[in-house]
Chemist: 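Can you keep this structure in mind? I'll have questions shortly.
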Amino acid sequence: MTAEDEAAIAESAQAIRLHAGHGILIEAGDEPVIDLLPRRPRPAGGTLRGWTYVVKDMIDVAGLPTTRGSALYGGEEALADAPCVGLLDGAGALLVGKANLHEFAWGVTSENPHWGDVRNPRHPHLAPGGSSGGTAAAIAAGIARFGLGTDTGGSVRIPAACCGVVGLRPRAGVLSTEGVAPLAPMFDVVGPMTASVADCARVWHALTGEAVEPPPSLRGLVVGVAEGCAQAAELAALGAEPREIELPHDILAPYWTIVGAQARRTHEATFPANAARYSAGVRRKLEAAGGIGHRAYRRAVEELTAARARFAAAMTGVDLLALPTLGGPAPRAGCDEAAVRGEVGRLTAVVSALGLPALAVGDLQLVGRTEADVLRAGLCRELAGAGVPEPR
């Protein structure tokens with residue numbers, strides 16, 4: 001292990017000690033994850049050498065339990081790394097922890113009765129967002145330089161906004177979800193979370209081999225601006241042509257039908273038989289999704305497909321979308337998750353339903369046709385000196 005690695009690990013260890021009791025990491029194995037580093041295989045070099053990272057505990061790491069943030073799982077060690085973890089280890093990155101989350105990756109606050117509520121290191125009066133709240137909090141706390149989250153309806157982007165970091169939701173299928181516990185497979189993705197867009201592009205390169213370089217400006221791009229996006233003037237100053245657009249909020253009805261139906265089937269081995277071992281919030285969501293049969297599901301898929309086609313036609317000539325990440329004020333610490341989740345996640349859910357990639361730079365969401373589209377725009381904005389927008 002190099003001196004650079006040892007210094008990075010020591011920094012992570014100090015931050016872990018400083019934030020002990022804040023619910024950021026899950027230590028379900030016999031030893032702390034950071035102490036297992038010497039026994040994990042390491043390459044001689046790599047583009048992420050000396051970079052520490054955490055993975056949301058929906059993602060398998062060989063030799064460690066995968067709890068899914070639940071009391072029902074985590075009794076057995078994963079037999080193999082998820083491919084996304086193998087790629088990061090192969091790039092020389094240093095796994096220092098498994099991140100806490102909203103139980104079963106289904107919620108926007110990362111309150112967890114089994115493993116402790118995740119606390120927001122940057123904005124203590126706010127929840128850290130969910131469901132990848134532990135990953136975002138680990139980055140904001142300095143526990144890790146980057147992390148992996150999962151995103152079905154906003155679970156990477158909402159915590160990025162609440163904790164003041166960066167999160168990328170790729171298109172479904174671009175990164176393998178093998179070895180990742182599912183919620184609603186049609187929309188589930190794995191995405192990197194970082195402190196800057198430049199770091200996100202670097203991790204994306206390690207995960208996919210795609211190098212993304214910042215453009216000198218956004219000149220020639222038409223940017224659709226939605227929901228009164230506060231950063232529209234910044235993008236115009238970089239050369240983009242802003243154009244007001246409306247998001248297809250009608251896509252949410254079929255989207256939530258599909259998510260609910262798939263989640264019920266994902267949990268059919270344990271719910272409702274073990275309903276008492278679920279948190280009250282997730283139990284209510286699964287109960288509400290009961291009874292969605294194949295006819296309603298098929299109709300929802302048809303409606304979703306039609307809504308996607310209508311929006312694609314309406315967006316002819318628009319290169320990028322800019323909108324807030326959060327649909328309203330960030331959730332407060334200790335709030336009623338059921339009361340806020342609809343508003344908090346309404347914009348991220350629309351983007352998930354559309355199947356488009358999105359980059360959350362705090363409370364700014366950039367949406368494009370490819371991951372490179374949104375990373376280039378984010379890099380251009382960052383190099384111009386723009387910061388990470390604060391949550392409202």
Side-chain angles (χ1 to χ4, degrees), residues 15-29 32-33 54-59 65-74 96-144 147-165 167 181 183 193 275-286 325-326 328-345 348 391-392:
I16 290 170
R17 288 191 296 271
L18 181 64
H19 292 276
H22 291 184
I24 294 173
L25 300 180
I26 289 177
E27 297 286 8
V33 174
V54 297
V55 298
K56 184 178 184 176
D57 207 11
M58 294 285 280
I59 302 171
T66 304
T67 71
R68 310 185 189 193
S70 164
L72 287 168
Y73 291 88
V96 296
K98 298 206 80 179
N100 198 359
L101 62 147
H102 206 108
E103 184 191 38
F104 290 116
W106 203 359
V108 303
T109 60
S110 294
E111 292 175 320
N112 191 306
H114 313 297
W115 300 100
D117 298 346
V118 181
R119 289 171 59 179
N120 188 329
R122 191 157 289 162
H123 305 291
H125 66 294
L126 300 179
S131 62
S132 306
T135 305
I139 296 162
I143 289 171
L148 290 180
T150 65
D151 190 311
T152 302
S155 287
V156 160
R157 292 160 288 158
I158 292 169
C162 292
C163 292
V165 299
L183 173 61
M193 303 178 73
R277 299 188 68 188
Y278 283 72
S279 68
V282 173
R283 184 167 63 244
R284 284 193 296 267
K285 291 167 191 171
L286 286 168
T325 303
L326 302 175
R332 270 41 188 174
C335 70
D336 178 4
E337 195 265 348
V340 302
R341 64 173 175 258
E343 182 180 26
V344 168
T348 56
R392 288 163 281 160

Chemist: Shortest non-hydrogen contact from A330 to L126?
Modeler: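 For A330 and L126, the tightest heavy-atom pair comes out as CB-CD1, 3.9 Å.
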Chemist: Would you check if the side chain of N120 reaches a backbone N or O of A127 as a donor-acceptor pair within less than 3.5 Å?
Modeler: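 Indeed, once roles are kept as given, a pair shorter than 3.5 Å links the two residues.
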Chemist: Test of understanding: with side-chain contact (heavy atoms from CB on, under 4.5 Å), list the residues that count as partners of A105, not counting sequence neighbours.
Modeler: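 Checked A105 against side-chain contact (heavy atoms from CB on, under 4.5 Å); matches are K56, M58, L101, S131, T150.
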Chemist: Which residues satisfy the side-chain contact (heavy atoms from CB on, under 4.5 Å) test with A136, sequence neighbours excluded?
Modeler: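 Per chain and number, A136 pairs via side-chain contact (heavy atoms from CB on, under 4.5 Å) with P159, C163, V165, M193.
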Chemist: A280: which residues meet the side-chain contact (heavy atoms from CB on, under 4.5 Å) condition with it, sequence neighbours left out?
Modeler: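 Scan of A280 (side-chain contact (heavy atoms from CB on, under 4.5 Å), adjacent residues dropped) gives R283, R284.
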Chemist: Kindly compute the distance separating CD (E103) from CG (N112), expressed to the nearest 0.5 Å.
Modeler: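 Nearest 0.5 Å value for the CD-CG distance: 6.5 Å.
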Chemist: Just do the side chain to side chain contact (heavy atoms under 4.5 Å, CB included) check on E27 and V33 with the steps written out, would you?
Modeler: CA-CA 7 Å; E27 297 286 8; V33 174; 3.5 Å; yes
Chemist: Could you tell me which residues satisfy ring pair (Phe, Tyr, Trp, His ring centres under 6.0 Å) with H22, sequence neighbours excluded, listed by chain and number?
Modeler: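 Counting only residues at least two positions away or on another chain, H22 forms a ring pair (Phe, Tyr, Trp, His ring centres under 6.0 Å) with H19.
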Chemist: Show every salt bridge (charged side-chain N to carboxylate O under 4.0 Å, His left out) that has at least one partner inside residues 150-163, sequence neighbours left out.
Modeler: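 Every pair satisfying salt bridge (charged side-chain N to carboxylate O under 4.0 Å, His left out) with a residue in residues 150-163: D151-R157, D151-R169.
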Chemist: At their closest point, which heavy atom of V54 faces which heavy atom of A138, and how far apart are they?
Modeler: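 In this case the closest contact between V54 and A138 is CG2-CB, 3.9 Å.
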Chemist: For G133 and P128, which heavy atoms make the closest approach, and how far apart are they?
Modeler: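 Looking at all heavy atoms of both residues, the closest pair is O-CB, 4.1 Å.
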Chemist: Over all heavy atoms of both residues, which pair between P331 and V340 is shortest? Give the atoms and the distance, please.
Modeler: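 Shortest heavy-atom contact: CB-CG2, 4.1 Å.
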Chemist: Taking all non-hydrogen atoms of both residues into account, name the closest pair between P391 and L326 and its distance.
Modeler: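 Heavy-atom minimum between the residues: CB-CD1, 4.3 Å.
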Chemist: Kindly give the heavy-atom pair with the smallest separation between F104 and S70, and that separation in Å.
Modeler: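 In terms of heavy atoms, the two residues are closest at CZ-OG, 3.2 Å.
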Chemist: Let me confirm one number: the OG-NE2 distance from S279 to H114, rounded to the nearest 0.5 Å.
Modeler: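 NE2 of H114 is found 5.5 Å from OG of S279.
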Chemist: Please assess T348 against T325 for the test side chain to side chain contact (heavy atoms under 4.5 Å, CB included), listing each intermediate value before the final yes or no.
Modeler: CA-CA 6 Å; T348 56; T325 303; 4.0 Å; yes
Chemist: Between CD1 of I24 and CG of D117, what distance do you get to the nearest 0.5 Å?
Modeler: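 That separation rounds to 12.5 Å.
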Chemist: Evaluate N100 against D57 for side chain to side chain contact (heavy atoms under 4.5 Å, CB included), listing each step before the verdict.
Modeler: CA-CA 6 Å; N100 198 359; D57 207 11; over 6 Å; no
Chemist: Quick check against the 3.5 Å criterion: does S132 have a side-chain atom that pairs as donor or acceptor with the backbone of G149?
Modeler: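 Judged by distance alone, no pair lies under 3.5 Å.
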Chemist: Please name all residues satisfying side-chain contact (heavy atoms from CB on, under 4.5 Å) with E337, sequence neighbours left out, ordered by chain then number.
Modeler: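 E337 satisfies side-chain contact (heavy atoms from CB on, under 4.5 Å) with H102, V108, T109, K285, R341 once adjacent residues are dropped.
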